[in-house]
Amino acid sequence: MFYISKVTPLLFVLAFINLFVSIYFKASSQDYIHSGLIAVFGFLGTVLISAMYQIIPNSQQQKLKYEPISFVVSAILVIESILLWMNYIFPASVLFFVAVVLFLSNLLPIIKVVKPITIRYLAAALFYFFLSSIFLVLSNFQIVPVQLAIHTFTIGVLINAVFGVQTAWFPMFFMQNLDFKILNRIFYVVQILAVIVLSSFYFLNYHFLAFAGILELIAVLSFVGYMFSVIKKGMKLAKIPYAVKFFSIGHIFLILGLITAVVVSGFQLFQYINIHFDFMIYGFGLFTVIGGVLHLTPRIIWNMVSVEKARQGKQVPQINKVLDENVINKMVYILVSIFVLSVVGDFILKSGEIWLLFGLIVLTYFVKFSIDFYRFYKY
């Protein structure tokens, strides 16, 4: 790695704390807006900022000119998170906006090359980061619906960021070239549809939103279908990188999330909106984040503490041996099983308490891998 972001691992920790808090509020109350804001602007917002601090400088082969700003952003995100937990949404919104402005002022000056499709996806995500932070503030005054702020983040930031990273990582994982003509077409379609979907939320036109959701679903299926076509036919499941397994599950939940969005908006079955939320945030968002964090964190730590030792000829642990793949493969099945059980509980029992079990299991693995990463850091 050309550049190592020291704040990235710390922000990963903060992001998962927000995740556990959001699950607690989801399980203990019916205030889905509160838990949703923590999950989106606490968990996902923090984890994507932390990842971009690592990914974008390396994509540009540029170091941050003012690295201390990243620590200021981190401190603001800590305070913003606490305010979100306390349900002080307006000051938390203002702080999130300030954090995003500083974050963008830190990253945008180093982006010189924008032609690669990965960078264009990430640049689009950065644009929607700014837009979602503005909408979040405005939603406090009912100038725009809070749904617009949330979906500007999920449709604009999350999908663009995930697609951008995967266009870079999939060829690396499978040593395959991609047809960028196809990916370029999908990129422009995704951007056009984002505008259409978000316009539907601005006007709260649910029938038009259902139509836009169908188009979004087709675009996502096109991207997912093409990206997974690079996996060699007949490749054994055990040989597929664990990050790709998590990404695959995340995409399944993204597709289910879009289908439920179309059904809920088309038939105005708003009593089931929590199912759409489950699939999009705790399904697509969380499983994709887990895959990315488990792939990225060992490499950050290795470059922090082991690269110099390796240059000196000293023995250092191998990156691919830091985590036990058997544990990760079992974790995939356990998390998927408990997630599905939790969604069914939401749908049939109209109860969120079962999500505490899901949160507890995620917490257990979080602690286990945190210990593994700490031992690797102190090796």
Side-chain angles (χ1 to χ4, degrees), residues 4-27 38-39 42-44 46-48 50-51 54 74 78 81 85 165 169 173 237-250 252-253 278 281-306 316-343 353-379:
I4 300 300
S5 168
K6 296 181 178 64
V7 302
T8 293
L10 300 175
L11 286 178
F12 281 163
V13 173
L14 175 63
F16 274 90
I17 292 173
N18 274 302
L19 170 70
F20 301 132
V21 173
S22 74
I23 291 175
Y24 169 76
F25 281 116
K26 177 178 175 59
I38 297 171
F43 168 53
L44 292 176
T46 301
V47 82
L48 288 179
S50 62
Q54 179 60 45
S74 301
V78 170
S81 298
W85 304 345
V165 169
W169 286 9
F173 285 141
L237 185 62
K239 297 293 184 180
I240 296 177
Y242 53 76
V244 176
K245 293 176 184 176
F246 279 104
F247 293 161
S248 304
I249 295 164
I252 291 171
F253 292 139
D278 295 343
I281 304 302
Y282 300 129
F284 171 52
L286 176 57
F287 280 85
T288 303
V289 164
I290 290 175
V293 168
L294 291 181
H295 175 76
L296 199 58
T297 306
R299 285 153 180 80
I300 293 173
I301 297 175
W302 196 90
N303 280 273
M304 276 184 178
V305 300
S306 298
V316 295
Q318 295 179 343
I319 292 178
N320 59 356
K321 300 297 182 183
V322 174
L323 301 176
D324 188 334
E325 282 206 45
N326 291 326
V327 172
I328 296 176
N329 287 329
K330 290 178 182 177
M331 179 176 85
V332 172
Y333 295 110
I334 292 172
L335 286 183
V336 170
S337 300
I338 302 301
F339 174 80
V340 171
L341 186 63
S342 301
V343 173
E353 292 179 359
I354 195 170
W355 282 99
L356 291 175
L357 176 61
F358 179 74
L360 181 61
I361 291 173
V362 175
L363 175 61
T364 301
Y365 282 113
F366 174 78
V367 172
K368 187 260 186 297
F369 291 128
S370 295
I371 293 172
D372 290 342
F373 291 143
Y374 179 74
R375 287 174 176 168
F376 182 33
Y377 179 78
K378 298 299 289 184
Y379 182 83

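Being a predicted model, the structure only gives us computed values, none of them experimental.
Applying the side-chain hydrogen bond (donor to acceptor under 3.5 Å, both in side chains) rule to Ser5 yields the partners Thr8; only residues at least two apart in sequence or on another chain are considered. Residues meeting the side chain to side chain contact (heavy atoms under 4.5 Å, CB included) test with Tyr374, sequence neighbours left out: Lys378. With sequence neighbours left out, Phe284 forms a ring pair (Phe, Tyr, Trp, His ring centres under 6.0 Å) with no residue at all. For Phe339, the ring pair (Phe, Tyr, Trp, His ring centres under 6.0 Å) test picks out Phe253, Phe287, Trp355, Phe358, with sequence neighbours left out. For the side chain to side chain contact (heavy atoms under 4.5 Å, CB included) test, residues two or more places apart in sequence or in another chain that qualify with Lys6 are Glu67, Phe71, Met304. Listed by chain and residue number, Tyr282 satisfy the side-chain hydrogen bond (donor to acceptor under 3.5 Å, both in side chains) test with Ser22 (two or more places apart in sequence, or in another chain). Every residue meeting the side chain to side chain contact (heavy atoms under 4.5 Å, CB included) condition with Val165, not counting sequence neighbours, appears here in chain and number order: Ile55, Leu122, Trp169. Checked against side chain to side chain contact (heavy atoms under 4.5 Å, CB included), Leu357 has the following partners two or more places apart in sequence or in another chain: Ile338, Ile361. Listed by chain and residue number, Asn18 satisfy the side-chain hydrogen bond (donor to acceptor under 3.5 Å, both in side chains) test with Ser81 (two or more places apart in sequence, or in another chain). Residues passing the ring pair (Phe, Tyr, Trp, His ring centres under 6.0 Å) test with Phe20, sequence neighbours excluded: Phe366. In this structure Phe12 satisfies the ring pair (Phe, Tyr, Trp, His ring centres under 6.0 Å) test with no other residue, sequence neighbours excluded.
In this structure, Ile249 CD1 and Tyr333 OH are separated by 8.5 Å, a value rounded to the nearest 0.5 Å.
For residues 358-368, every residue pair satisfying the side-chain hydrogen bond (donor to acceptor under 3.5 Å, both in side chains) rule, not counting sequence neighbours, is listed here: Lys368-Asp372.
Taking the six-membered ring where the residue is Trp, His295 and Phe173 present perpendicular rings, their angle passing 60° and hence far from 30°.
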